[in-house]
Amino acid sequence: MIRIQILEGKAFVWNYADARQIREEHRIVGTLVGALARKPRQNVWLGLPLQLLPEEAQLLVERGLAILFKKPASQHLGRDPDQVSLPVLLLRGKKTESYREQLQLAAEQRRAVLGTLAQRIAQGRAKKRRQKGEEGGEYRYRRPWKNHGHSDRDGQIPCYPPPNPADLEPSFVLPQESMMVQLPTERAHPGQEEVVDWRLPSQDWPYAGQEDHEMRCCIFRNLWERGYYITSGGKFGGDFLVYPGDPMRFHAHYIALCIPKDAPLSLQDVVSAGRLGTNVKKTVLLCSVDQDGTAIYTSLQWTGMQ
């Protein structure tokens, strides 16, 4: 069962598997509105949650494919301020465990890097001791491969014993501010939830019983049953954009304008809608609903522009 969270009258899908199922199996597109964890400061590519149109959410619920739920309001009155909830304690425990693992991995990586630089570090320390007039320390000699570099004892180059990488930086510390933090997109412990009845108008779902919403739902349902993909049409001045296939592969063929059957429509609005559809190479559909619930469509095209 697909879980749709209702928040201030908007429908969100947080689970990746549900979002994928909605698109692949039920031809519901929605809109990704969440920031990506790795690139939070851009708005070109977005991620979860998936926001659904009210018509999309209601269609899934009517078909028995999803449920609407909400989180109850937090009750802070009469609560001990020093009391910590169980999810917070679990989150802190996971964070501490993650910090220990990252500290161990960072220390191992640091020792590996120092191991590759051990010979150079030993030479630098011996050079400083010689400059201060101290003993040069114990070192071995090897024959030079080429006649360059510092040499001693008949042209032999000092080869210092590499120090132990663990002794080079015994007090390695990884600040907690530098640790990597996982940003979950779904609650590990959902807590209390309340089912939202889409048939009754409420503060969470105010669309029930509204004539405009019922008309839009009827048109959306009819187009969806014909095999089309439908998305929001706000960017082209309509109610819906109608695609013959997945919007990732096809351009929209129609701009759907939902108009009550007996509502007056001025000639200027008709001309504006027709010119808009012609400029973007789409057909404008004037959509209405008859008294018996039948969807009625009227298409607008400029024949002289074909």
Side-chain angles (χ1 to χ4, degrees), residues 1-2 4 6 9-11 13 21-23 25-31 51-68 195-247 250 252-278 280 282-303:
M1 184 68 68
I2 300 171
I4 303 176
I6 303 301
K10 299 179 181 179
V13 177
Q21 180 184 1
I22 287 173
R23 189 182 188 105
E25 299 182 11
H26 308 303
R27 291 183 286 107
I28 299 296
V29 180
T31 305
Q51 182 176 350
L52 302 179
L53 295 173
E55 295 78 17
E56 293 175 327
Q58 182 165 328
L59 176 66
L60 292 173
V61 176
E62 288 177 349
R63 300 276 169 166
L65 303 173
I67 59 172
L68 305 181
V195 178
V196 177
D197 190 353
W198 59 274
R199 302 179 184 86
L200 302 176
S202 63
Q203 184 177 1
D204 301 298
W205 190 256
Y207 312 104
Q210 296 182 4
E211 295 182 2
D212 293 341
H213 172 72
E214 297 299 332
M215 176 186 61
R216 288 164 57 92
C217 282
C218 180
I219 295 171
F220 185 94
R221 187 187 310 108
N222 184 267
L223 292 172
W224 182 82
E225 290 175 349
R226 293 171 181 258
Y228 292 108
Y229 284 74
I230 304 102
T231 65
S232 174
K235 62 182 178 180
F236 287 114
D239 293 288
F240 303 117
L241 290 179
V242 185
Y243 295 80
D246 194 296
F250 296 89
H253 284 190
Y254 306 101
I255 302 175
L257 297 176
C258 300
I259 303 172
K261 184 175 182 298
D262 298 329
L265 186 63
S266 65
L267 182 60
Q268 183 178 2
D269 293 337
V270 175
V271 174
S272 300
R275 290 182 62 87
L276 173 62
T278 302
V280 296
K282 305 183 191 311
T283 300
V284 176
L285 291 180
L286 302 181
C287 310
S288 302
V289 178
D290 205 349
Q291 295 180 355
D292 57 355
T294 304
I296 303 174
Y297 303 102
T298 302
S299 62
L300 296 179
Q301 275 188 335
W302 296 110
T303 57

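None of these values were measured; they are calculated from a predicted model.
- Two residues are said to be in side-chain contact when any heavy atoms from C-beta on lie closer than 4.5 Å; V289 and N222 fail this criterion.
- Residues T231 and Y243 have side chains in contact (heavy-atom distance under 4.5 Å, counting atoms from C-beta outward).
- Not counting sequence neighbours, D197 has no partner by the side chain to side chain donor-acceptor pair (under 3.5 Å) test.
- With sequence neighbours left out, the side chain to side chain donor-acceptor pair (under 3.5 Å) criterion links H253 to no other residue.
- The CZ atom of R27 sits 10.5 Å away from the CG atom of L223 when rounded to the nearest 0.5 Å.
- When all heavy atoms of P206 and Q203 are compared, the pair lying nearest together is CD-O, 4.1 Å.
- Considering every non-hydrogen atom in both H213 and P54, the closest pair reads CE1-CB, 3.8 Å.
- Pairs engaging residues 291-303 under the salt bridge (Lys or Arg N to Asp or Glu O under 4.0 Å) rule: none recorded [sequence neighbours left out].
- With contacts defined as side-chain heavy-atom distances shorter than 4.5 Å, the pair I2/H26 qualifies.
- In this structure the side chain of E211 never reaches within 4.5 angstrom of the side chain of P260, judged on heavy atoms.
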Check your understanding: Hey, mind stepping through V61 and L65 against side chain to side chain contact (heavy atoms under 4.5 Å, CB included) and telling me if it holds?
Key -> CA-CA 6 Å; V61 176; L65 303 173; over 6 Å; no
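- By the side-chain contact (heavy atoms from CB on, under 4.5 Å) test, I296 is found to be paired with K261, D290, residues two or more places apart in sequence or in another chain being considered.
- Here R23 pairs with D246 under the side chain to side chain donor-acceptor pair (under 3.5 Å) rule; sequence neighbours left out.
- Partners of A11 under the side-chain contact (heavy atoms from CB on, under 4.5 Å) rule, at least two apart in sequence or in another chain, are I4, I6, L52, A57.
- Counting heavy atoms from C-beta outward, L59 and C217 have side chains that stay 4.5 Å or more apart.
- With sequence neighbours excluded, the residues satisfying ring pair (Phe, Tyr, Trp, His ring centres under 6.0 Å) with F220 are F240.
- A256 approaches C287 most closely through the heavy-atom pair CB-SG, 3.8 Å.
- Contact detail for E56 and I230: the closest heavy-atom pair is OE2-O, 3.6 Å.
- Annotation: side chain of T31 is not in contact with side chain of S232 (no heavy-atom distance under 4.5 Å).
- With sequence neighbours left out, the ring pair (Phe, Tyr, Trp, His ring centres under 6.0 Å) criterion links W205 to Y207.
- Taking each heavy atom of I255 and G238 in turn, the nearest pair found is CG2-CA, 4.0 Å.
- The OG atom of S288 sits 8.5 Å away from atom CG of D262, with the distance rounded to the nearest 0.5 Å.
- Across all non-hydrogen atoms, the minimal contact from Y228 to P244 is CD2-CA, 4.1 Å.
- Not counting sequence neighbours, the partners of E25 by the side-chain contact (heavy atoms from CB on, under 4.5 Å) test are Q21.
- For the ring pair (Phe, Tyr, Trp, His ring centres under 6.0 Å) test, no residue two or more places apart in sequence or in another chain qualifies with Y229.
- When side chains are defined from C-beta on, I259 counts as touching L265, because their heavy atoms get closer than 4.5 Å.
- Tested against V270, the residues V284, L300, T298 include a single side chain to side chain contact (heavy atoms under 4.5 Å, CB included) partner, L300.
- For residues 226-244, the salt bridge (Lys or Arg N to Asp or Glu O under 4.0 Å) pairs, not counting sequence neighbours, are R216-D239.
- Residues W198 and E62 meet the side-chain proximity criterion, which asks for heavy atoms closer than 4.5 Å.
- In this structure, K282 is not positioned above the aromatic face of Y254 in the sense of NZ or CZ being under 6.0 Å from the six-membered ring centre and within 45° of the axis.
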Practice item. Output, in order, the C-alpha distance, side-chain angles, deciding distance and verdict of side chain to side chain contact (heavy atoms under 4.5 Å, CB included) for L285 and L257. Key: CA-CA 6 Å; L285 291 180; L257 297 176; over 6 Å; no
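- E225 is linked by a side-chain contact (heavy atoms from CB on, under 4.5 Å) to R63, R221, counting only residues two or more places apart in sequence or in another chain.
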Point to revise | Derivation and outcome, side-chain hydrogen bond (donor to acceptor under 3.5 Å, both in side chains), residues D269 and S272 | key: CA-CA 5 Å; D269 293 337; S272 300; 5.3 Å; no
